[in-house]
2 protein chains.
Amino acid sequence: MIMIFNFKKETDVKNKEKNLFQNYLSTHKFKHSKQRKGILEIFLSIDRHLTAEELYRAVKQKYPSVGFATVYRTLKLLCATGLCRELKLESGPARYEHLYGHKHHDHLICTGCGRFVEVIDPEIERLQQKLSKTHGFLPQEHRMELYGICPECRNKNNG
Amino acid sequence: MIMIFNFKKETDVKNKEKNLFQNYLSTHKFKHSKQRKGILEIFLSIDRHLTAEELYRAVKQKYPSVGFATVYRTLKLLCATGLCRELKLESGPARYEHLYGHKHHDHLICTGCGRFVEVIDPEIERLQQKLSKTHGFLPQEHRMELYGICPECRNKNNG
DNA sequence: CGGTAAAATGATAATGATTTTCAATTTCAA
DNA sequence: TTGAAATTGAAAATCATTATCATTTTACCG
């Protein structure tokens, strides 16, 4: 018998992320609850920079009994697993971005529409390291956000 | 009669800052209250990256009747005047830094002791502009914080 | 000066985001 | 299956900040 499996690549990736999370829970002796699975599932289904509240609302649609606090708690776990990064921006609530399969990057943020673009400039990275060392610091991490107006918003305002 | 004035340079600078603030108030038809003068005076006397609460406490020592809200309100005015910049960091309350006489700069922050070092790298600045433009953005501003361990803390942990 | 409109103040309540608490429920190893 | 320990949802607490509002101050005007 020949069986042809037609997993979509996307699903493959999500399964890897699910496995990483299950693994994280196991190795830290945390329990595998329905809620944690459900929240991860919804998190994975939305590849945007969400706030906790936005994720909560999305989770509610499929799993109405889940509470706000559990979403927050699970986001912390996802961050600890390395699937997610918490971004504290200039204003507004924290946003959570997908990390799996994303290399380290910084952000270009449109002050008009709030759009996020992930950017990376190896030369800047190198100079940041150098700058830290110049001051005798042992570099750990950094954050860089570039604010500006994206092409669409520029057109909108001119038109 | 010969009079020898021996103004300290420091005092000179502070007077300039005071004048700038008075000027800002006048041109915006804001009133020149005791509280505003007092808060500026204390702000100028502490050249560190303070939180609103730290400033409030310092103000209280000399002017016990000043309220928390007025400190917040005055900090906004100081920012508007350009004497002060509000920094929203990864964690904790906002910090306020002195801007007068400080060129644009970013921060190197010690994760051990919380020390701030003001840094600037023209090459990084240039690359940031370029990076924004590469993505079609009209650059506005940016924030960059480099986290690491300062020389003192490195020694402490090794000793 | 004294009167007065507008602005500023301090105290306090309200807000928004996040965290903690706690009784009830669920998980999971034995 | 059972029971200890972890997790949950709801609600209260917290923390930083902002808004409200009655009272006081400021600044201008005669």
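Per chain, numbering begins at 1; letters A, B, ... match sequence-line order.
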Taken to the nearest whole Å, OH/B/Tyr56 to C1'/D/dT18 is 16 Å
Side-chain atoms of B/Ala94 come closest, of D/dA10, D/dT17, C/dA11, to D/dT17
B/Leu25 atom CG is separated from D/dC28 atom P, nearest whole Å, by 13 Å
In whole angstroms, the gap separating C1' of C/dT18 from CZ of A/Arg73 amounts to 12 Å
- Quick one: is B/Tyr72 getting a side-chain N or O under 4.0 Å of the D/dT18 phosphate, OP1 or OP2? no
5'-most contact on DNA chain C (nearest-nucleotide basis), B/Thr70 vs A/Thr51, goes to B/Thr70
**Asked** Between A/Lys37 and A/Glu41, is there a side-chain N and carboxylate O pair less than 4.0 Å apart?
**Response** no
For this session: Using a heavy-atom cut-off of under 4.0 Å over every strand shown, decide if A/Lys29 touches base, sugar-phosphate, or nothing.
Result: nothing
Q) Within less than 4.0 Å of OP1 or OP2 of C/dA8, is there a side-chain N or O belonging to B/Gln35? A) no
So that I can tick it off, tell me whether B/Arg126 and B/Glu123 are bridged by a salt bridge, with the cut-off set at under 4.0 angstrom between side-chain N and carboxylate O. yes
Heavy-atom nearest nucleotide on DNA chain D taken for B/Ser33 and for B/Tyr96; more 5' hit belongs to B/Tyr96
In whole angstroms, the gap separating C1' of D/dA16 from CG of B/Leu50 amounts to 16 Å
- If only side-chain N and O atoms of A/Arg36 are considered, is one of them under 4.0 Å from the OP1 or OP2 phosphate oxygen of D/dT7? yes
Atom NZ of A/Lys34 and atom C1' of D/dA6 are separated, to the nearest Å, by 14 Å
Checklist line | Base C/dA6 paired with B/Lys31 side chain (donor-acceptor, <3.5 Å) | finding: yes
Here the distance between atom P of C/dA17 and atom CG of A/Leu87, to the nearest Å, is 16 Å
B/Lys76 NZ to C/dT9 C1', in whole Å, measures 18 Å
(message) Mind checking if B/Lys88 touches a base, just sugar-phosphate, or nothing, with heavy atoms under 4.0 Å?
(response) nothing
Check your understanding: So, B/Tyr147 versus B/Glu90: side-chain donor-acceptor pair below 3.5 Å or not?
Key -> no
**Asked** A/Thr111 and B/Gln140: side-chain donor and acceptor closer than 3.5 Å?
**Response** yes
Inset, instruction - For A/Glu97 and A/His49, test the side chains for any donor-to-acceptor distance below 3.5 angstrom and give the result as yes or no. - result: yes
Comparing B/Phe30 with A/Thr74, nearest DNA chain D nucleotide closer to 5' gives the residue A/Thr74
To the nearest angstrom, the NE2-C1' distance between B/His28 and C/dA6 comes to 18 Å
